[in-house]
Amino acid sequence: MLDVRGVTVRAGRRSLLADVGFSAEAGEIVAVFGPNGAGKTTLLEVLVGLRRASSETVAWNGRVLRTFHERAQTFAFLPDGGALPSELEVRDVVAHALRFRARSSALVGELRQALGVDALLPMAAGVLSRGERQRVALFCALAVDRPVVVLDEPFSTFDPLQLRDVMRAVRRVSESGAAVVATVHQLRDAERLAHRMMLLASGRRVAWGDLSALREQAGRPDADLEQVFSTLLDPDGHAT
């Protein structure tokens, strides 16, 4: 299990995150959602070791991860809008990623097919469309064998047909035993994909759990996730 506790980040007098915590089990997909500026990307950057926190505890299977090396051995990370090296061909980008302990050849093959990577291999990364770049970057994050996959807005560039295959790829990695933590902008995507969800607002955890738990916290037993969101937050994106 991934166990994250007490994540607090300050920038001068401003609080970016305040005592945020959650967990993710092997084989589980956790979606983090909330309004713009809620602290979602900051939380993921703290998790993988790219941002320093005022305080935080991140542990995998009961072992606290104290160094960047320990986190690099635990997390695969897809940043929001991450760039590929434009001078390389896609085949070189993919080969480089797979050097660092790839998942099983069968699963890597499934990911290649779901994300349509093989058709892009001869192309220079610099000439890819935004969606093609995202498919390659997502493949690299999913194919590297790490127990936790952290994805920052992985779905925003895809049309509905592409999204079906992309979500299938993420689910397959989860089913293989990885924990997946993803920020998700579209609430329908979070509802379709995640086992548990966390609502952030103004750097604080507002709600946490599966859809039934979030409905209970909102006091709306038949609500969808969008209705839960609008119940728990005011029009300015603050907790009610």
Side-chain angles (χ1 to χ4, degrees), residues 1-4 7 20-33 40-51 56 58-61 63 65 68-84 93-94 96-117 133-158 162-186 189-190 192-198 200:
M1 176 183 286
L2 174 70
D3 186 20
V4 181
V7 179
V20 174
F22 69 97
S23 62
E25 298 180 4
E28 182 179 34
I29 300 173
V30 170
V32 182
F33 67 103
K40 303 183 294 295
T41 293
T42 300
L43 176 63
L44 297 195
E45 289 175 346
V46 169
L47 186 61
V48 301
L50 295 179
R51 180 186 282 263
E56 47 95 7
V58 177
W60 173 250
N61 284 344
R63 181 172 65 90
L65 306 178
F68 183 80
H69 175 74
E70 290 173 335
R71 298 199 188 200
Q73 292 297 306
T74 304
F75 300 111
F77 181 47
L78 174 70
D80 183 18
L84 301 176
V93 175
V94 168
H96 180 74
L98 296 180
R99 287 178 54 204
F100 297 96
R101 203 174 74 227
R103 299 190 188 277
S104 72
S105 58
L107 181 51
V108 169
E110 290 185 53
L111 296 176
R112 285 180 182 271
Q113 182 176 10
L115 296 172
V117 169
R133 289 196 304 271
Q134 186 75 346
R135 280 158 49 197
V136 173
L138 182 58
F139 171 83
C140 293
L142 294 174
V144 174
D145 189 8
R146 297 293 185 272
V148 185
V149 181
V150 180
L151 308 173
D152 195 3
E153 294 291 351
F155 307 128
S156 58
T157 62
F158 299 113
Q162 293 172 329
L163 187 59
R164 178 186 59 194
D165 293 331
V166 169
M167 284 192 170
R168 177 162 57 89
V170 174
R171 286 193 188 98
R172 280 295 296 118
V173 170
S174 169
E175 291 164 357
S176 76
V180 178
V181 180
T183 61
V184 181
H185 184 70
Q186 296 295 332
D189 295 342
R192 289 167 56 192
L193 186 70
H195 299 95
R196 289 191 290 172
M197 294 166 279
M198 179 169 62
L200 284 181

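Put simply, the side chain of Arg172 never gets that close to the backbone of Leu111: no donor and acceptor are under 3.5 Å apart. Between the side chain of Arg112 and the backbone N or O of Phe139 there is no donor-acceptor pair closer than 3.5 Å. Arg99 places no side-chain N or O within 3.5 Å of a backbone atom of Val94 that could act as its donor or acceptor partner. A donor-acceptor pair under 3.5 Å links the side-chain atoms of Ser174 to the main chain of Gly27, judged by distance alone. Side-chain atoms of Arg103 come within 3.5 Å of backbone N or O of Val144 as a donor-acceptor pair. Not one N or O on the side chain of Arg171 forms a donor-acceptor pair closer than 3.5 Å with the backbone of Leu193. Judged purely by atom type and a 3.5 angstrom limit, Thr183 has no side-chain atom pairing as donor or acceptor with the backbone of Val32. A donor-acceptor pair is defined here as one N or O able to donate and one able to accept, closer than 3.5 Å; no such pair exists between the side chain of Gln134 and the backbone of Phe158. Between the side chain of Asn61 and the backbone N or O of Met1, at least one donor-acceptor pair lies under 3.5 Å.
Across every non-hydrogen atom of Val149 and Ala141, the tightest pair is CG1-O, 4.2 Å. Shortest non-hydrogen contact noted between Ala114 and Ala169 is CB-CB, 4.0 Å. Pro154 and Leu138 make their closest contact through CB-CD1, 4.4 Å (heavy atoms, listed as atom of the first residue, atom of the second, distance). Across all their heavy atoms, Leu78 and Ala137 have their closest contact at CD1-CB, 3.5 Å. Contact between Glu25 and Ala179 at its shortest, heavy atoms only, is O-CB, 3.4 Å. The two residues Arg71 and Leu47 have their closest heavy-atom pair at NH1-O, 3.1 Å.
In the model, Thr157 has no side-chain atom that pairs as donor or acceptor with a side-chain atom of Arg133 under 3.5 Å. Side chain to side chain, Arg101 and Gln73 meet the donor-acceptor criterion of an N or O pair below 3.5 Å.
Within the 4.5 Å cutoff, the side chain of Val58 has heavy atoms near those of the Leu2 side chain. The side-chain heavy atoms of Glu28 and Ser23, taken from C-beta on, include no pair separated by under 4.5 Å. Contact annotation: the side chain of Glu153 approaches that of Lys40 to within less than 4.5 Å [non-hydrogen atoms, C-beta and beyond]. In this structure the side chain of Phe75 never reaches within 4.5 angstrom of the side chain of Leu50, judged on heavy atoms. Under the 4.5 Å side-chain criterion, counting only non-hydrogen atoms from C-beta, Leu163 is in contact with Arg192.
Distance check: Phe77 CZ to Arg146 CZ gives 14.5 Å after rounding to the nearest 0.5 Å.
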